[in-house]
Structures are given as C-alpha cells and as structure tokens.
Amino acid sequence: MNSLLEETRLLYEEIDRTRVAAVNEVAKPGRTAKEKVHAEHRAMKMVDRIVDCSTMVTETLDDADGAWATEVQAISGPNEFSEFYSRLKMIRERHRRGAAEIAEPMTVDFVTVEKSIAAEISGGGLVRFSGEEGHGKYLDLHGLYDQYLNLTFVLEKIEYTEYITRFDQLADIPARAKNAGYRKYVEAMLAYLIDFRQRSTPFANVEAGMKTVNADFDAAWTAGTFPGWVADEAAEAAAAGADAPPEELDLSGVGSAAELHPHGLERLKSALVALGLKSGGTLEQRAERLFSTNGVPRAQWPKKILAATDKKKKKASKPAGDTRREMASLEARVYHMASVLAETRMVTRENVERRQARSVAEIEQEDEQEAADMAVDESDSDDEDRSEFYNPKDIPLGWDGKPIPYWLYKLHGLNVRYSCEICGNYVYRGPKAYQQHFKEWRHAHGMRCLGIPNTVHFQNVTLINDAKALWDKLKSQKTTEAFQEGEEEEYEDSLGNVVNKKTYEDLRRQGLL
C-alpha cells in the first residue's frame with residue numbers, strides 16, 4: 001500500500017501528463033469538422049480527469065482526518081530513521097513476494113487511457129451526430145418542425161426554411177394557446193439545443209449561461225415585462241376577450257320544456273351553469289333539466305342534475321401561476337440558446353436552401369464526393385496507424401508501445417525462434433521464453449492430452465514421438481527396477497540359512513525345513 005506522499009506524487013504526475021496531452025490535442029486541430037470535434041472531446045475528457053485528480057489532491061491536503069499530518073510527523077520526527085527502515089523493510093518484503101510481477105510506469109497506463117478514448121470516438125460512443133448535422137456544422141430541426149405542425153394553434157403550414165428562422169419567436173403565440181402540448185414542444189426544443197451545443201462545442205459552459213438567464217428572467221417576470229406573457233391573469237383575460245359570465249334564465253312564463261328550445265344550446269348551457277346544474281347533453285336534455293327546476297325549491301332539486309363541486313377539478317381546469325411561470329422560464333432559456341446558436345442557424349438555413357436548389361447531377365456529384373472524402377479519411381487514419389513506427393524485423397514492443405532497441409533484441413536472443421509440437425507448434429522467441437514454457441500451462445496441457453506426466457525427464461522434449469518413446473522407455477525401466485516379491489524377498493530357516501521366498505516355499509512344501 002502506497003503512502004499518502006506517494007499517492008499525492010502520482011496524482012501530480014498524472015495531472016502534468018494529462019495537461020500536456022490536452023494542450024497537444026487543442027494545439028493541432030483536425031483538418032475536417034469531424035476531426036476537430038473529436039479532438040475537442042478528447043481534450044475535454046482529459047480536462048475532466050485533471051479536475052478529478054485535483055479534487056483528490058485538495059482533499060488529501062485539507063487533511064480532514066489528520067492522516068497527512070501524521071505521516072509528515074512520522075518521517076520528520078525524532079524517530080525518522082526507524083520509520084525509514086520500517087518502510088524499507090515493507091518495500092523489500094513486497095518485492096520479495098511479487099518478484100515475478102512486472103512494474104509498469106504511469107506512461108503505459110496513460111497510453112492505454114488515450115487509446116481507450118480514441119476507440120470510443122472511432123466507434124461513435126463518445127459523440128454522435130445525425131447526417132443533417134454534419135458533425136456539428138448544422139442544426140437538425142426536422143423532428144421539432146413536425147412537432148410544431150401538429151400543435152393545435154398552428155393554422156397554416158410554413159416551410160422548413162422559414163421555420164429555421166422563426167422557431168424561437170415564441171412570444172408571437174397567444175398565451176391562452178400555450179397548453180400541455182406546447183410545453184412538451186418547448187421542452188423538446190430546449191433539450192435539443194442544449195444537447196447540440198454540448199456535442200458541437202464541448203468546452204462551452206452551458207450551465208453558467210443558464211444561471212444568468214434564470215436571474216434575468218426572474219427580474220423580468222417580477223416586473224411583468226417578459227415578452228408574450230402578462231403576469232396578471234385578470235388583465236390577460238381582459239386582453240384576450242374573456243367570455244361573459246353565465247346568466248340565469250327567467251322561467252316564470254314557461255309552461256313546458258319545449259318552449260325553451262328556441263334559446264339554443266349555448267344559452268341553455270349558460271343558464272344551467274349559473275344555477276350550478278350539469279350543462280352537458282343535447283338540446284332536449286338541457287331544456288328538460290332546466291325546466292325541472294321551475295317552481296321547485298333549491299333544496300328539493302334532484303342530486304343527479306347538480307354539477308360536481310370538486311375543487312381539484314376546478315383548479316386543474318385553469319393553468320396555475322406556477323405553471324405559467326415555468327413555461328415562460330422555458331421560453332427564456334430557448335431565447336438564450338437560439339442567440340448562442342445564431343450563426344449556426346444562419347449557416348443551416350443557407351445549407352438547406354442550397355440542398356433544395358440542387359439538380360440531380362449535383363446531388364449525385366456531392367454524394368460521390370462525400371464517399372471519396374470518407375475513403376480518404378479512413379486511408380489516412382490507417383496510414384497513420386501503420387506509420388507510427390517502422391518495424392520490418394518484427395521486433396517485440398516495449399512498455400511504451402515501440403520496438404525495443406536492436407542490440408537488446410540480439411542480446412536476449414529474440415531473433416532465435418523455437419517451435420514446440422506438443423504446444424500445437426507454438427513458436428517461442430528467445431531461449432529464456434523457450435526454457436520457461438516447459439513449466440507453463442500450454443505445455444502442461446499438451447502433455448496431459450498425450451497421457452504423459454509433465455516431469456523433469458521431459459525437459460527440452462518438444463516432439464510428440466520423442467515424448468512417447470521416452471515415456472515407453474521410462475515405463476520399461478520402472479518395470480525392470482520394480483520390486484520382485486518372489487525373487488527379492490528373503491526368508492531364514494531354523495538353521496540360519498537365508499533363501500528367497502520362492503525357494504523357501506518349495507522347501508516348506510517338501511518338508512525339508
């Protein structure tokens with residue numbers, strides 16, 4: 001287990017290495033929009049790692065549990081030499097137990113992390129764009145455009161190019177038309193704009209901009225100056241021309257329900273609402289319901305004709321002030337994101353108009369050009385991968401991913417190859433690997449498949465026929481050297497004569513003992 005000092009040193013080393021790698025990524029942007037976005041995302045991953053390491057270093061130096069002060073005191077106090085030798089003993093013990101382990105420097109781990117990030121990007125797992133977005137150059141608003149056309153207040157359809165220009169003009173929509181469907185539309189628009197901004201510009205601080213927008217919105221809403229909304233609901237109702245309140249109908253001269261039919265559905269509904277009765281149904285049903293109350297005290301009215309007085313239902317029938325504020329807050333954030341992406345929106349409109357004006361020949365030519373560019377990018381990436389190092393002699397790679405020096409390659413005899421038939425003709429490079437493989441699992445498995453024990457007698461035996469012949473020879477020697485009970489077991493008669501077991505049994509049967 002490393003000490004706090006060593007762990008902190010490792011964190012500082014990782015911070016320095018990651019900072020250098022991030023600067024290199026930003027300093028050499030890609031030739032295309034795709035390569036540039038990928039380089040920024042790689043650098044952003046490295047910045048996140050720097051922040052994590054810095055946080056761990058800060059927590060260690062804050063020393064909330066006193067472990068840092070204890071360790072510093074231990075190595076600088078009156079018993080510093082005893083502490084030194086105790087740690088030296090622990091290090092030696094660790095190396096003794098793990099003598100076969102290979103120590104890998106942080107460079108190997110760092111190269112592995114870089115390769116994993118590059119693999120994520122090449123596989124599309126880190127950032128993805130649709131075909132219309134062109135790797136972050138254009139907006140893809142087709143889904144929002146279809147959702148806008150399906151809103152209830154949209155009476156006339158507009159072209160997609162016009163929608164790109166007008167999608168953020170939410171203040172022109174009447175407040176009374178902003179229902180639940182409109183809210184889902186605005187939420188989807190805000191989510192897409194934020195997501196596109198984070199994918200196309202990973203270093204943009206979207207959250208900081210949103211905090212400023214929320215503060216400005218609170219001030220505008222409190223002052224009643226936010227565009228498209230009126231803070232006072234009564235003033236909004238008056239501006240929108242609210243319906244007249246329901247009025248009762250005089251039934252003193254009415255002799256039957258049929259006489260109420262000329263008033264019409266709406267007038268009968270108004271009278272029923274004014275009396276607190278159910279207002280639904282056909283013209284005849286409304287007339288019968290209203291006429292049944294003529295001359296009857298209110299306490300004696302049947303309960304089945306009374307309207308429900310559920311307070312929760314009344315509250316749900318009209319949008320609350322909090323709901324209005326939330327929808328206005330969504331609009332404020334959409335305005336902010338639209339202004340941030342103003343240049344991208346303009347480029348998107350120009351691109352859409354250009355694509356709509358193309359002829360068939362131009363479309364085919366552009367598709368061929370895109371395919372050729374993709375093939376060039378792939379070939380360039382393959383060439384870069386192959387040209388990382390020149391290794392015609394197939395020299396083994398070192399811990400840094402590069403071929404080891406040629407003198408070291410010759411010194412260890414790695415130019416000599418040994419093939420083992422028992423291991424399935426596996427080739428081992430160098431005498432050290434060849435001698436060591438007789439104790440490894442591959443050779444032991446091959447011997448077990450042959451039914452031969454992997455003992456020291458078969459050291460340096462690599463051919464199957466040689467191993468079988470040696471095994472047969474060893475078995476015959478064991479049979480010859482085995483203990484022969486009849487010939488080698490000795491007996492002594494009463495006179496002191498020593499004979500083997502076979503002779504003794506023959507003499508005993510003949511009664512000569």
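Sequential numbering from 1 along the given sequence is applied to the chain's residues. Everything numeric in this text was worked out from a predicted model, so none of it was measured.
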Enquirer: Tell me the closest heavy-atom pair linking N415 and Y409, and the distance in Å.
Expert: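 Scanning both residues, the minimum pair turns out to be CA-OH, 3.3 Å.
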Enquirer: Which of parallel (below 30°), tilted (30 to 60°) and perpendicular (above 60°) describes Y163 and Y148?
Expert: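 Tilted.
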Enquirer: When you compare the side chains of N465 and E421, does any donor N or O come within less than 3.5 Å of an acceptor on the partner?
Expert: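 There is no such pair (donor and acceptor under 3.5 Å, judged by atom type) between the side chains of N465 and E421.
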Enquirer: Rounded to the nearest 0.5 Å, what separates atom OG1 in T161 from atom OH in Y145?
Expert: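 Spacing of OG1 (T161) from OH (Y145) equals 8.5 Å.
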Enquirer: Set out, in order, the CA-CA distance, both residues' side-chain angles and the distance that settles salt bridge (Lys or Arg N to Asp or Glu O under 4.0 Å) for D472 and K468, then state yes or no.
Expert: CA-CA 6 Å; D472 294 336; K468 289 182 177 179; over 6 Å; no
Enquirer: Quick check: does any side chain N or O of N454 sit under 3.5 Å from a backbone N or O of K439, one acting as donor and the other as acceptor?
Expert: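 A pair under 3.5 Å: no.
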Enquirer: Say you draw a straight line from CG of L149 to OH of Y185; how long is it, rounded to the nearest 0.5 Å?
Expert: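 Separation between the atoms: 9.0 Å.
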Enquirer: For E207, I'd like to know if atom CD has over 12 heavy atoms of other residues, nucleotides or ligands within 6.0 Å.
Expert: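 It does not: E207 CD has 12 such atoms or fewer within range.
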Enquirer: Does the D195 side chain pair with the main chain of A191, one donor and one acceptor, at a distance under 3.5 Å?
Expert: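 No: the side chain of D195 does not pair with the backbone of A191.
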Enquirer: Is any NZ, NE, NH1 or NH2 atom of the basic residue among R9 and E13 found under 4.0 Å from an Asp or Glu carboxylate oxygen of the other?
Expert: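 Yes, charged N to carboxylate O under 4.0 Å.
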Enquirer: Does a salt bridge link R19 with D16, judged by any charged N lying under 4.0 Å from a carboxylate O?
Expert: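 Salt bridge flag = yes for D16 with R19.
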Enquirer: Nearest 0.5 angstrom please: I422 CD1 to H437 NE2, how far?
Expert: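 Spacing of CD1 (I422) from NE2 (H437) equals 7.5 Å.
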Enquirer: Would you call M189 and F167 a side-chain contact if the rule is heavy atoms closer than 4.5 Å?
Expert: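 Yes; the side chains approach each other to less than 4.5 Å.
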Enquirer: Within the side chain of T201, is there an N or O that forms a donor-acceptor pair under 3.5 Å with the backbone of Q198?
Expert: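 Flag not set: sc T201 to bb Q198 has no pair under 3.5 Å.
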Enquirer: Could you check if a side-chain atom of V352 sits within less than 4.5 angstrom of a side-chain atom of R355, using non-hydrogen atoms only?
Expert: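 No, too far: nothing below the 4.5 Å cut-off.
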Enquirer: Can we say R183 and E187 salt-bridge, meaning some charged N sits less than 4.0 Å from an Asp/Glu carboxylate O?
Expert: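 Salt bridge flag = yes for E187 with R183.
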Enquirer: Check this for me, if you would: do R96 and E93 make a salt bridge, where the nitrogen-to-carboxylate-oxygen distance has to be below 4.0 angstrom?
Expert: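 Result for this pair is yes, salt bridge flagged.
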Enquirer: Taking NZ, NE, NH1 and NH2 as the nitrogens, is one of them in E331 or K178 under 4.0 Å from a carboxylate oxygen of the other?
Expert: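 So E331 pairs with K178 through a salt bridge.
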Enquirer: Can you tell me if N150 uses its side chain to pair, donor with acceptor, with the backbone of D146 under 3.5 Å?
Expert: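 Between the backbone of D146 and the side chain of N150 there is a qualifying donor-acceptor contact (under 3.5 Å).
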Enquirer: Checking ring pair (Phe, Tyr, Trp, His ring centres under 6.0 Å) for the pair Y418/Y434: CA distance, chi angles, key distance, verdict?
Expert: CA-CA 7 Å; Y418 301 88; Y434 171 72; 4.5 Å; yes
Enquirer: Output the distance between atom CD (E132) and atom OG1 (T348), rounded to the nearest 0.5 Å.
Expert: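 If I round to the nearest 0.5 Å, the distance is 9.5 Å.
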Enquirer: Drop me the distance from N179's CG to L151's CG, to the nearest 0.5 angstrom.
Expert: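 So the CG of N179 and the CG of L151 are separated by 7.5 Å.
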Enquirer: Show the numbers, then the answer: is there a salt bridge (Lys or Arg N to Asp or Glu O under 4.0 Å) between E353 and R349?
Expert: CA-CA 6 Å; E353 292 176 346; R349 181 185 173 103; 3.0 Å; yes
Enquirer: For the residue pair C53 and Y12, establish whether any side-chain heavy-atom pair is separated by less than 4.5 Å.
Expert: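 No, side chains not in contact.
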Enquirer: Ignoring hydrogens and geometry, is there a side-chain-to-backbone donor-acceptor pair from D168 to A338 under 3.5 Å?
Expert: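 No, because the side chain of D168 does not come within donor-acceptor range (under 3.5 Å) of the backbone of A338.
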Enquirer: Any side-chain heavy atom of L330 sitting closer than 4.5 Å to one from L170?
Expert: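 Side-chain contact under 4.5 Å: no.
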Enquirer: Any Lys/Arg nitrogen of R325 or D218 sitting under 4.0 Å from an Asp/Glu carboxylate oxygen of the other?
Expert: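 A salt bridge links R325 with D218.
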Enquirer: Regarding D506 and K501, does a basic nitrogen lie under 4.0 Å from an acidic carboxylate oxygen?
Expert: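 No, no charged N to carboxylate O under 4.0 Å.
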Enquirer: Is any side-chain heavy atom of D140 closer than 4.5 Å to a side-chain heavy atom of F196?
Expert: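 They are not in side-chain contact.
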Enquirer: Taking everything shown except E343 itself, do over 12 heavy atoms lie less than 6.0 Å from its CD?
Expert: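 For E343, atom CD is not crowded (no more than 12 foreign heavy atoms under 6.0 Å).
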Enquirer: Would you check if the side chain of N351 reaches a backbone N or O of V347 as a donor-acceptor pair within less than 3.5 Å?
Expert: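 Not confirmed, N351 side chain does not pair with V347 backbone.
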Enquirer: As a quick check of understanding, evaluate side chain to side chain donor-acceptor pair (under 3.5 Å) for T503 and N500, giving each step before the final call.
Expert: CA-CA 6 Å; T503 304; N500 57 29; 2.7 Å; yes
Enquirer: With M46, which of T18, V23, V51 fulfils side chain to side chain contact (heavy atoms under 4.5 Å, CB included)?
Expert: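 Running side chain to side chain contact (heavy atoms under 4.5 Å, CB included) over T18, V23, V51 with M46 returns exactly one hit, T18.
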Enquirer: Validate the cation-pi geometry between R442 and Y426: distance from NZ or CZ to the six-membered ring centre under 6.0 Å, angle to the ring axis within 45°.
Expert: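 That pair qualifies as a cation-pi contact.
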Enquirer: Would you call the rings of W471 and F458 parallel, tilted or perpendicular, taking 30° and 60° as the class edges?
Expert: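 If you compare the ring of W471 with that of F458, the planes turn out tilted.
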Enquirer: Using 4.0 Å as the upper bound for N to carboxylate O, is an ion pair formed by E14 and R17?
Expert: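 E14 and R17: not salt-bridged.
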Enquirer: To the closest 0.5 Å, what do you measure between OG (S329) and CD (E326)?
Expert: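 Here the interatomic distance stands at 8.0 Å.
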